[in-house]
J.: 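Once you've had a glance at the structure underneath, I'll fire off some questions.
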Amino acid sequence: MKIPRLSSGVTATILAFAAAVAPQAAHAQVKPAKTIEVSALNAISASCTMPSGAGALQKCQAYTVPAGKRLAIRMVTYTHSDDPTKALAGILYGRDAKPADLTISGLQDAVDPRVASILAGGPATVQSSLALAWGSQLVDMVLLAGDVLAASGFFRANPNNNATLAFFGYLVDE
C-alpha cells in the first residue's frame with residue numbers, strides 16, 4: 001500500500017488549521033476547583049477568659065497566628081453566668097491592632113474586616129440572682145501571620161464571674 005504524498009500547500013493549510021484550533025481546545029478544559037484540606041492537624045480551637053472583677057470593659061487574647069500561616073475562623077461561642085445586672089451585653093472579637101494595650105482600643109476599627117461583633121443573647125434569668133448568657137455565631141474571618149486573635153467584652157456592670165469565649169477554625173499556608 002502506497003501512502004499518497006500531500007502537496008506542500010495542503011500540508012501548510014492543515015498545520016495552520018491545527019494551530020488555530022489548539023488554543024481554543026486548551027481554553028475549553030475545565031480546571032478543578034481549589035480545595036483546602038481541613039484535618040485535625042491544622043484545626044484550631046482557642047479560647048480566652050475575661051476575668052471577673054476587672055471592670056465593665058475587658059479584653060482577652062486567645063491566639064497568635066504563626067509565621068507563614070493564615071487563620072480562618074469559622075465559629076465563635078461565648079458563655080457567662082452572673083447577676084442579671086452585671087451580665088455580658090456584647091462582644092467585639094478578631095484582629096487586635098494593639099496587642100500590647102490591654103484595653104479594648106485595638107478592636108475598635110469599624111472598617112477592618114478582621115473585626116466583628118456579637119450582641120449577647122439574653123441573658124436568661126434563671127433565678128433572681130443568676131442570669132446566663134450564651135451563644136454562638138458562624139463567621140468567615142481570616143487573620144494573617146502575626147495577627148493576635150482577641151475579644152473584648154461589654155458587661156452591664158463589673159462582673160462577679162468570668163466570661164469565656166471560644167474560637168474554632170483552621171490554619172492554612174499563606
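For this chain, numbers begin at 1 and follow the sequence in order. Computed from heavy atoms alone, side chains included, the values below leave out hydrogens, waters and symmetry copies. Every value quoted in this text rests on a predicted model; they were computed, and no experiment measured them.
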J.: Side-chain heavy atoms under 4.5 angstrom apart, residues restricted to Ile, Leu, Val, Met, Phe, Trp, Tyr: same cluster for Val139 and Leu149?
T.: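 Shared cluster, yes.
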J.: Indicate if Val76 and Ile44 have the same hydrophobic cluster label, given that clusters are the connected sets of ILVMFWY residues with side-chain heavy-atom separations under 4.5 angstrom.
T.: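 Per the 4.5 Å side-chain linkage, Val76 and Ile44 are co-clustered.
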J.: Measure across Gly153 and Leu88 and return the closest heavy-atom pair with its distance rounded to 0.1 Å.
T.: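 Taking Gly153 first and Leu88 second, the nearest heavy atoms are CA-CD1, 4.2 Å.
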J.: I need the minimum non-hydrogen distance between Ser136 and Thr77, along with the two atoms involved.
T.: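 Result for this residue pair: CB-CG2, 3.5 Å.
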J.: Under a 4.5 Å cut-off applied to non-hydrogen side-chain atoms, are Lys59 and Asp96 in contact?
T.: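 Contact flag for Lys59/Asp96 side chains = yes.
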J.: Grab the two heavy atoms, one from Gly68 and one from Ala145, that are nearest each other, plus how far apart they are.
T.: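 Taking every non-hydrogen atom into account, N-CB, 3.8 Å.
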J.: Hey, could you give me each pair passing salt bridge (charged side-chain N to carboxylate O under 4.0 Å, His left out) that has a residue in residues 158-171? Not counting sequence neighbours.
T.: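 Every pair satisfying salt bridge (charged side-chain N to carboxylate O under 4.0 Å, His left out) with a residue in residues 158-171: there are none.
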J.: Other than Leu138, which residues form its hydrophobic cluster under the rule that side-chain heavy atoms must be closer than 4.5 Å?
T.: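 Its cluster partners, ordered by chain and number, are Met75, Phe168.
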J.: Distance from Cys60 atom SG to Tyr93 atom OH, nearest 0.5 Å?
T.: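 Interatomic distance, Cys60 SG to Tyr93 OH, rounded to 0.5 Å: 13.5 Å.
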J.: So, taking the atom named OG1 in Thr85 and the one named CZ in Phe155, what distance separates them when rounded to the nearest 0.5 Å?
T.: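 One gets 13.0 Å once the value is rounded to the nearest 0.5 Å.
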J.: Considering only heavy atoms from C-beta outward, does the side chain of Gln137 approach that of Tyr78 to under 4.5 Å?
T.: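 The answer is no; the side chains never approach within 4.5 Å.
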J.: Under the salt bridge (Lys or Arg N to Asp or Glu O under 4.0 Å) rule, collect the residues that match up with Lys69, sequence neighbours excluded.
T.: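 Salt bridge (Lys or Arg N to Asp or Glu O under 4.0 Å) list for Lys69, sorted by chain: Asp173.
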J.: Can I get a per-line list of side-chain donor-acceptor pairs under 3.5 Å for residues 160-167, giving both atom names and the distance, sequence neighbours left out?
T.:
unit_1, atom_1, unit_2, atom_2, d
Asn160, OD1, Lys86, NZ, 3.3
Asn160, ND2, Asp82, OD1, 3.3
Asn161, ND2, Ser81, O, 2.7
Asn162, OD1, Ser52, N, 2.8

J.: If I take atom OG1 from residue Thr49 and atom CD from residue Gln58, how far apart are they, to the nearest 0.5 angstrom?
T.: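 Here the rounded value is 10.5 Å.
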J.: Does one hydrophobic cluster hold both Val142 and Leu92, with members joined at side-chain heavy-atom distances below 4.5 Å?
T.: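 Cluster IDs for Val142 and Leu92 differ.
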J.: Nearest heavy-atom pair of Gly94 and Met141: which atoms, and what distance?
T.: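 Minimum heavy-atom separation between Gly94 and Met141: CA-SD, 3.8 Å.
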J.: Val148 and Met50: same hydrophobic cluster, using ILVMFWY side-chain contacts below 4.5 Å?
T.: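 Different clusters: Val148 never reaches Met50 through Ile, Leu, Val, Met, Phe, Trp or Tyr contacts under 4.5 Å.
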J.: Answer yes or no: is there a side-chain heavy-atom contact under 4.5 Å between Ile73 and Leu143?
T.: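 The answer is yes, as the side chains (C-beta and beyond) meet within the 4.5 Å cut-off.
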J.: Which heavy atom of His80 sits nearest a heavy atom of Pro159, and at what distance?
T.: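 Smallest heavy-atom distance, with atoms named: NE2-CB, 4.0 Å.
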J.: State whether the side chain of Asn42 and the backbone N or O of Tyr170 hold a donor-acceptor pair below 3.5 Å, judged by distance alone.
T.: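 Side chain of Asn42 to backbone of Tyr170: no pair is present.
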